[in-house]
Amino acid sequence: MRPRGMKTLTSFSITIAILLTALSIYVVEDLPAFGDENSPVNKHVKLFSVDADGMAESLNAGVLPTEIKSRIEKMGFNKEENYPTLEEGNYKIEYIEKGTWLGGRLYTDSGWDVLIHEGEIFYNEPQQYYFIKEMNGNLTVYRYNWPVRVMERTEEETAIINAVGSGLADYRGYDTMGEETVILTGAIGVILLLRRRGRL
Amino acid sequence: MTPERKVYKRDVIIEVTAKLMSPLILLFGLYVMIGTGGTGGGFQGGTILATGFILYITVFGSEKGREKVPESVNAFFKSFGLFLYNGAGWICILFSLAAAQWLNMPAFWPVTDFVGIAGARSFMVAYMISVGIGLTVMASFVSQYFDLAWKEDDEMEGDEG
Amino acid sequence: MEWLIQHVLEKYNFWVAMLIIIISLTAVIVKENLLKKLIGLSIFQTAMFLWYVSLGDVGRDILTTWGLKTGTPSILWEEAAEKGYIYANPLPNVLMLTGIVVSAATTAVALAIVIRIYQKYGTIEEDEIIEKEMEFEREGGELKNASS
Amino acid sequence: MLLVEHFPVLIVGLAMFCAYTMLLAGYLNRKLPFFISLAMNCVFFIMSLFVLDHVLNVGPIRYWQGGWRPPWGIEYVIDAMNAYLLVIVISIVILGLIYSRGNVKSEIEERKHPTFYTLVQLMAAGLYGITVTGDLFNMFIWLEIASLTAYALIAVAGGRALRPAYNYVIMGSVGAVLYLFGVGWIYSVTGTLNMADMRLLLPLVYDNRAVQMGFAMIVVGVMIKAYIFPLHLWQPDVYTYAPSTISSMMASVHVKVMFYMLMRMFYSVFTLDFIRHYIGLDLLTCWVAAIAILAGSIWAIKQRNLRRMLAYSSVSQMGYILLGVGLSPFSPWGLVGAVAHILNHAIGKGCLFMCAGAIRQQEGLKDIRDFEGIGKKMPYVSAAFTIAALSMIGIPPTAGFASKLFLILASLDAAQYPFVVILLLSGLLNLVYFWRVIDQIYFVRHEGTKNAGEAEGRGKPLPLSMVAPTLILAALCVIVGIIWLTDIPLPLLDRILSDLRMGVTI
């Protein structure tokens with residue numbers, strides 16, 4: 001295989017550079033801003049919004065209006081997909097004022113938290129799952145993501161203050177076992193290739 | 001950096017400081033590794049332990065280093081670390097008679113009775129998982145150091161593929 | 001101009017990561033020396049970790065009615081609520097601890113292969129290796145290799 | 001929890017346990033690691049049969065690692081596609097191990113056997129991990145383990161295998177980082193890493209540009225790993241110079257699992273309607289596959305080295321599977337063809353590479369032109385080679401014919417007639433380059449005295465442990481080919497179609 005001249009290699013890499021810059025200009029609009037704490041990664045992801053004609057009272061009374069419930073079920077967060085169900089006894093609704101601190105999160109706007117029994121073996125008290133916010137006449141429903149539960153519950157569930165440590169060893173402990181196996185394969189690969197003295 | 005056997009110069013100052021420093025580095029590595037409260041976790045502790053050994057091996061050469069860290073002990077620590085970690089997952093299934101999942105640590109009921117559910121998790125993470133990670137990382141990096149950094153002497157004679 | 005502020009200044013983490021990726025990819029493609037290619041590859045992986053971790057950072061330093069809102073590492077401490085700090089998201093940090101280990105192990109194995117190549121061909125310049133291979137081929141038959 | 005639900009995690013966890021014990025056993029004596037690995041893999045085979053039976057009768061297994069519910073913890077999802085692939089992977093790994101018993105003695109020095117088998121076992125653990133997991137980042141880690149071991153195992157052959165191994169390290173790492181980058185894109189927009197959760201959250205942001213770029217990055221990253229046509233440049237050198245057990249295991253199993261990742265992304269994460277409406281990729285994948293089929297076959301004809309020819313034929317066979325996936329939005333037969341060809345190609349190609357290794361070991365021949373008289377010297381191996389080659393071409397009773405039949409049905413059903421022509425043409429091209437070898441083995445007789453078989457038994461005869469796997473695989477080619485034509489696999493195929501949300505049954 002003749003070694004390709006320097007010119008073709010550099011031209012190939014320049015085309016890749018131009019292609020990547022074009023791609024990144026195309027994509028940058030839909031990215032979450034840097035450091036925005038309400039982005040899907042850091043807090044919650046927006047599911048849908050519905051016009052709130054009479055639902056605020058039933059929410060205050062602690063009953064999830066059927067229209068929202070059926071909408072959530074239809075989206076797929078239902079029993080068949082192995083999600084916690086929204087029957088009567090299984091959830092609780094709490095009203096959260098603007099500016100309160102919960103799980104290391106500042107609530108910049110008031111709304112209702114829907115807490116659901118997760119059905120895990122050792123932790124069965126309700127967990128923050130959905131967040132309903134009233135905005136100029138309609139209700140938008142959000143679904144909480146990873147950090148909310150971990151920041152709020154890591155002390156209580158795993159007694160480890162460092163959330164990165166508990167995330168590494170506990171919540172996603174299986175990843176770390178894979179990580180150790182990667183280190184082991186690296187070491188054995190190097191032994192296999194280079195070692196000549198010694199038994200192995 | 002590849003020490004021919006004959007012209008290997010020895011320097012007293014470096015050797016004495018290395019003899020003094022590496023046990024302290026190992027001690028600090030142990031502190032970082034064990035326990036969840038303090039700084040770092042298993043991985044960072046393991047790397048610090050590895051640097052303790054690597055300092056000793058660099059100064060005293062690979063033969064003396066091999067006496068301190070023989071190959072079989074090194075491989076044992078690699079596997080033992082992962083036995084600890086894998087075993088932690090395996091125990092949870094065994095002790096809960098296949099009721100709990102792979103790494104569901106409160107299922108290890110002797111510990112849960114004493115320190116409760118959250119305590120059981122932090123005990124297992126602090127002593128079984130962090131120590132397991134630390135040992136594997138230490139042994140792996142030390143054995144990689146032996147192979148990558150130290151050209152073995154007999155390799156001089158023939159170019160063996 | 002408004003597009004520039006909204007999409008470049010507010011998301012500069014993405015642009016920095018993309019720049020490093022382009023530089024490291026050109027290094028991987030253009031460099032003939034095997035080691036330099038490897039260095040380009042590990043820079044490429046580091047750019048990936050940079051972008052991931054910057055996803056989880058929170059709390060731009062804007063003065064809100066509750067005082068300065070800044071992010072703090074996700075280790076729980078009591079005064080965080082009073083002082084108005086927000087915890088950063090731990091998940092990207094967790095993922096990237098694993099990613100760093102993976103890139104370290106890959107570099108170790110790649111270095112082992114480069115050492116074996118150096119022992120075999122005596123050089124780690126790509127084109128010299130290709131010439132040596134062709135020499136062995138013209139000599140006839142398989143590259144005389146002690147082990148196989 | 002039923003005990004069966006623990007089996008997937010046990011298969012992966014115990015595979016790693018067994019790798020660590022093999023590392024230590026290597027110090028006791030050199031023979032022990034092989035037997036530990038073989039015994040454990042047979043146990044895993046029985047476990048995976050139980051998992052397949054449970055999945056088909058009861059339903060998908062959902063297993064939460066560490067007891068945490070999916071969006072917060074890692075989840076294992078085993079549906080019909082996983083269980084089917086797991087059984088194939090484990091059985092081929094067992095046959096590869098048996099074959100390697102005799103082959104590794106001649107290719108790799110005695111002192112390196114324990115570490116060699118430990119790495120083969122870790123590669124198997126990585127492959128089991130990819131098939132079983134239901135979490136995007138966890139899949140990246142198992143992908144790294146499987147490919148890291150592959151880098152080291154290829155480079156162990158020394159000599160000519162070092163530079164291809166280095167190229168594979170660079171291309172493989174770039175592919176894995178691109179996959180991680182793609183996962184990062186869709187994570188930054190949906191916030192979860194769990195496949196089932198992602199499938200529900202993605203429809204809200206289908207027209208989001210980050211999702212489209214994430215999909216593109218993931219597909220390109222996995223295509224590099226599964227050496228689909230335009231990105232396969234590292235593959236031919238690797239398969240020619242690697243140890244023959246490794247090239248046979250990688251050709252039949254390693255690449256199927258990488259392709260399974262692509263299918264999982266197509267069907268379970270970005271569901272079919274994302275591909276149909278938002279990207280309009282379906283026809284594009286079909287045409288990329290068609291080009292792969294033709295280009296792979298044409299290159300294979302040009303080659304003189306047997307294993308390099310098989311490597312290029314693997315590139316074209318991967319085109320078949322991609323064609324099946326590309327046709328699946330139009331007709332369910334496409335997915336059936338892809339799923340069938342995963343099994344057929346694993347059996348056929350594994351057997352072909354094993355025969356190539358056997359010929360090289362006994363006769364020391366690599367070039368097709370001097371394969372005369374092998375039919376007499378090595379009757380069993382060449383018989384297995386012929387059956388497997390016929391299966392690759394697609395002669396009726398064998399397995400290859402069934403998958404070609406399904407693919408042709410799919411393209412007819414989808415009214416895409418150019419693909420029917422391409423499939424038949426590629427059958428001819430396969431015939432050309434496989435028959436050339438069979439003809440050389442059996443029928444070519446030089447007029448000179450050379451055909452008196454003076455080079456009778458030049459090399460020492462092969463141990464049974466090398467010939468048996470090739471015969472088993474060749475027999476499997478025929479048996480599986482017949483089974484595909486009956487309706488025994490219909491319930492399995494229906495479950496696969498419904499689990500991958502095709503919404504249609506055959």
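The figures that follow rest on heavy atoms only: side chains count, while hydrogens, waters and symmetry mates do not. Just so you know, these numbers come straight off a predicted model, no measurement behind them.
For D:I145, no part lies near chain C; criterion is any non-hydrogen pair under 4.5 Å. Contact of C:L95 with chain D is made through backbone and side chain together, with heavy-atom distances under 4.5 Å. With a 4.5 angstrom heavy-atom cutoff, D:I141 touches chain C only via side-chain atoms. Of the atoms belonging to D:F137, it is side-chain heavy atoms, and not backbone ones, that fall under 4.5 Å from chain C. For chain C, the nearby parts of D:W185 are the backbone and the side chain; heavy atoms of each come within less than 4.5 Å. Residue contact with chain D, scored on non-hydrogen atoms closer than 4.5 Å, involves the side chain of C:I21 exclusively. Residue contact with chain D, scored on non-hydrogen atoms closer than 4.5 Å, involves the side chain of C:I129 exclusively.
Considering only heavy-atom pairs separated by less than 4.5 Å from chain D, the leading option among C:N89, C:V28, C:L91 is C:L91. In terms of heavy-atom pairs under 4.5 Å with chain C, the best-connected choice from D:V177, D:V169, D:I170 is D:V177.
D:Y187 pairs by the side chain to side chain donor-acceptor pair (under 3.5 Å) definition with nothing, not counting sequence neighbours.
Side-chain contact between C:E126 and D:N167: present, with at least one pair of heavy atoms (C-beta onward) separated by less than 4.5 Å. Inter-residue side-chain proximity for C:W51 and D:L180 is flagged as unmet; no heavy-atom pair is nearer than 4.5 Å.
Checking C:L38, C:L41, C:V102 one by one against D:S173, the side chain to side chain contact (heavy atoms under 4.5 Å, CB included) holds for a single residue, C:L41.
In this structure, OH in D:Y166 is found 7.5 Å from CD1 in C:I117, a value given to the nearest 0.5 Å.
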